[in-house]
Amino acid sequence: MSTPKKVLMLPGDGIGPEVMRQVQRVMDWMTKKRGVNFDVTEGLIGGASIDAHNNPLTDETLAMAMEADAVLLGAVGGPKWDNLPFDIKPERGLLKIRKEMGLFANLRPALVFDALVGASTLKEEVVKGLDIMILRELTGGIYFGQPRGIEERDGVRVGFNTLIYSEPEVERIARVAFDMAMKRNKRLCSVDKANVLESTVLWREVVERVAKDFPEVEVSHMYVDNAAMQLVRNPKQFDVMVTTNMFGDILSDCAAMLTGSLGMLPSASLGAADANGKRRALYEPVHGSAPDIAGQDIANPLATLLSFAMMLRYSFDMGDDATMIETAVQNVLKGGLRTGDIMQPGMARVSTSVMGESVISELNKIA
Ligand code: NAD
């Protein structure tokens, strides 16, 4: 058996526990068939934690997250907790864990599976084979910059925010981006607005400087308005894109929707590297807790399974195993199985658990 990989599973609310069960099955399969040693603990977050402890994220759970090599989260929230005060709502648990773990880099892949190419609103030839990664800076920029507010100046009300980035903030996200490019196709596009905003003039300078440490990576720079246009016109020209918090917020949603299916989208958020190069990391599907379909065994578990594949690739350097899971998902879809959210004419509608079982059958064929 390999060295233990400490994973904290936080299923959360709604469909979270159902989709997470399918990941647990894949982990069991990997332990049995490939000798991977997962040391799994489970904790509560969101509404489930409020029900048990009147707190969306307890200090004990947070300590478990800090101890873990990686955290996998389902989803939080639901109507049961909608009327609670803001600071004990389920979503506060999620914001707190991201902040306390120092997760400054948000990775959102936009990947179009051949079998689902029809789900995109764009033409097949534009999105077929699409596989890009958007890296968004998550803890700085205009969403956090001071001063900010609304006040009266010379008898007129004004609203204002501050777009500010320090060199170290840009450097650490740039390094994650270059590492990512090295693990993919060695192409990186940094998106800024350096023709207008000084903060992104600095951004561009720092990215250029970090680039010197990664001579194999081909770097380009693009203004954000052009990047938005290019993402819709010809998204396949990109491999890894890195950008600021606000630009990334907008571009990652745009890129995600090129794929057309919320139940298929994984994500990862990474923190600073320690002396051994290990980063704190949290993986989660992009979708929420889907209370409208919770408890019915009909949710799509693939976004969570693909988030787990990202965990293998980025936290445990198990890129081949990650690819194996992605291929298994690809094959299941090719075989015509669909959960309700990605249903297409002529395909077979299956439950959450049958989808999980089918991924395992495919893994048995590939491994
Ligand atoms: P949602 O993503 O939960 O659901 C939107 C729609 O997509 C629903 O119709 C749902 O049934 C469907 N859907 C989502 N995931 C699916 C899946 N895996 N399989 C099949 N269908 C799926 O967003 P929402 O309805 O706006 O929010 C519901 C709750 O989730 C709210 O309490 C919200 O705050 C919370 N939320 C949590 C997160 C998170 O935990 N990261 C993210 C977004 C929303």
Side-chain angles (χ1 to χ4, degrees), residues 8-23 26 43-51 56-57 61 65 71-99 101 103 106-108 111 113 116 119 136 138 249 252-253 256-257 259-269 281-311 329 332-333 337-344 347-356 358-359:
L8 173 65
M9 311 244 314
L10 299 173
D13 309 319
I15 61 170
E18 299 164 52
V19 293
M20 203 69 115
R21 265 195 295 282
Q22 307 314 314
V23 174
V26 171
L44 298 176
I45 191 166
S49 179
I50 294 170
D51 287 351
L57 179 72
T61 308
V71 178
L72 186 67
L73 186 133
V76 299
K80 183 176 176 192
W81 306 282
D82 274 353
N83 297 323
L84 288 175
F86 187 69
D87 57 334
I88 59 157
K89 270 185 184 297
E91 290 75 10
R92 296 299 296 174
L94 191 52
L95 294 179
K96 185 170 170 193
I97 199 169
R98 286 179 183 152
K99 179 164 186 286
M101 289 176 75
L103 305 174
N106 183 231
L107 279 64
R108 289 257 217 118
L111 189 113
F113 289 94
L116 296 182
R136 165 188 172 195
L138 203 58
D249 190 5
S252 66
D253 269 24
M257 278 305 111
T259 70
S261 27
L262 187 61
M264 297 295 303
L265 298 170
S267 79
S269 302
L282 183 141
Y283 300 85
E284 57 183 321
V286 168
H287 63 71
S289 60
D292 52 334
I293 58 166
Q296 300 174 42
D297 194 30
I298 58 173
N300 186 346
L302 297 179
T304 313
L305 279 170
L306 295 170
S307 303
F308 172 64
M310 289 184 81
M311 173 191 290
V329 168
V332 167
L333 295 171
L337 303 190
R338 301 283 187 275
T339 42
D341 58 313
I342 50 173
M343 191 59 195
Q344 291 164 306
M347 302 291 157
R349 184 188 288 256
V350 296
S351 63
T352 310
S353 35
V354 169
M355 191 54 110
S358 311
V359 170

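As the structure lists them, so they are numbered: ligands from 1, and atoms in each ligand from 1.
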Residues in salt bridge (charged side-chain N to carboxylate O under 4.0 Å, His left out) contact with Asp341, at least two apart in sequence or another chain
none
Side-chain donor or acceptor of Ser307 paired with backbone N/O of Ala303 under 3.5 Å:
yes
By side-chain hydrogen bond (donor to acceptor under 3.5 Å, both in side chains), Arg338 pairs with (sequence neighbours left out) Gln344
Restricting to pairs with a member in residues 281-291, which pass salt bridge (Lys or Arg N to Asp or Glu O under 4.0 Å), not counting sequence neighbours?
Arg98-Glu284
Closer than 4.0 angstrom, basic N to acidic O: yes or no for Lys80 and Asp13?
no
Close residues, ligand 1: non-hydrogen atom nearer than 4.0 Å
Ile15, Ala75, Val76, Gly77, Gly78, Glu91, Leu94, Leu262, Glu284, His287, Gly288, Ser289, Ala290, Pro291, Asp292, Ile293, Ala299, Asn300, Asp341
Heavy atoms from other residues, nucleotides or ligands near CG of Asn83 exceed 12 (cutoff 6.0 Å):
no
